[in-house]
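Below is one structure, written out as structure tokens; the observations come after it.
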Amino acid sequence: MPKKRKNRGRHKGDKGKEPMVYCDNCGKLVPRSKAVRVTVPYSPVPGDLARELEKQGAIVPRYYVTKTYCINCAIYLGILKVRSEDERKRKIASARPLVRRETVAAPPATKPAQTQPPTQPTQQGNEGAQTKS
Ligand SMILES: [Zn+2]
């Protein structure tokens, strides 16, 4: 059967069930893996006023608000965009996965460095064993 999306529009995988969440905009009940979560900085003080207050030395609090949206609302609010068929098939869709890949790529660089030092002591251990025998 032809699929429109590789992951069927969800991140569930072969998990059987998952909790449902409410959309913060329209109140629709959507599966958690299908919902779009966005963390946005929110300040009770308007931007221009906050800049002026910070110049004068005042500390303006910034709160981070995490919102959950259904797909319809995410597209309506401009968080997601409707993509063409070719674009949907591409693995890299937005800038976010690139940032995650950079963080994921860092640990393998340290792992070979950790694996190399144990090889040197074993060689020294072998040399010691040869001298003993
Ligand atoms: Zn919604």
Side-chain angles (χ1 to χ4, degrees):
M1 198 177 92
K3 287 178 190 169
K4 193 170 182 182
R5 290 176 179 80
K6 192 179 176 185
N7 62 1
R8 290 128 34 231
R10 298 175 69 167
H11 302 288
K12 187 171 71 72
D14 58 351
K15 227 180 356 174
K17 273 188 178 180
E18 56 174 1
M20 302 287 274
V21 291
Y22 287 100
C23 173
D24 284 339
N25 194 41
C26 68
K28 186 183 179 182
L29 197 59
V30 285
R32 206 175 107 185
S33 69
K34 194 171 188 175
V36 180
R37 300 194 85 199
V38 187
T39 303
V40 185
Y42 162 77
S43 180
V45 186
D48 297 335
L49 185 62
R51 268 174 236 136
E52 283 180 27
L53 287 169
E54 280 178 355
K55 276 180 188 173
Q56 291 171 4
I59 297 167
V60 180
R62 281 179 200 166
Y63 305 102
Y64 288 93
V65 181
T66 303
K67 295 233 170 186
T68 309
Y69 296 114
C70 67
I71 297 295
N72 289 340
C73 291
I75 288 171
Y76 177 74
L77 296 170
I79 297 157
L80 294 180
K81 282 179 182 173
V82 177
R83 291 181 293 160
S84 67
E85 193 171 345
D86 295 337
E87 239 177 317
R88 265 183 259 138
K89 303 301 172 194
R90 276 183 224 150
K91 279 190 175 181
I92 301 164
S94 62
R96 275 189 174 181
L98 287 173
V99 177
R100 281 180 191 164
R101 279 184 185 177
E102 284 171 8
T103 55
V104 171
T110 57
K111 277 180 182 175
Q114 289 172 353
T115 54
Q116 283 171 357
T119 56
Q120 290 169 353
T122 53
Q123 288 170 358
Q124 289 171 356
N126 289 340
E127 287 169 2
Q130 285 171 359
T131 52
K132 281 175 188 173
S133 64

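One-based numbering, in listed order, for ligands and for the atoms of each. Bear in mind the structure is a predicted one, so any value in this text is a computation, not a measurement.
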Please round to the nearest 0.5 Å and tell me the distance separating atom CZ of Arg32 and atom NZ of Lys17. 15.5 Å
With rounding to the nearest 0.5 angstrom, report the CZ to OG distance, Arg10 to Ser33. 4.0 Å
Quick one: pull up OG in Ser43 and CG in Leu49 and give me the separation to the nearest 0.5 Å. 9.0 Å
Kindly compute the distance separating NZ (Lys67) from OG1 (Thr39), expressed to the nearest 0.5 Å. 11.5 Å
How many protein atoms of type N/O/S are positioned less than 2.8 Å from the Zn ion (ligand 1)? 4
Give a yes or no answer on whether the side chain of Arg88 reaches the backbone of Arg83 with a donor-acceptor pair at less than 3.5 Å. yes
Do the side chains of Leu77 and Tyr69 get nearer than 4.5 Å, heavy atoms only? yes
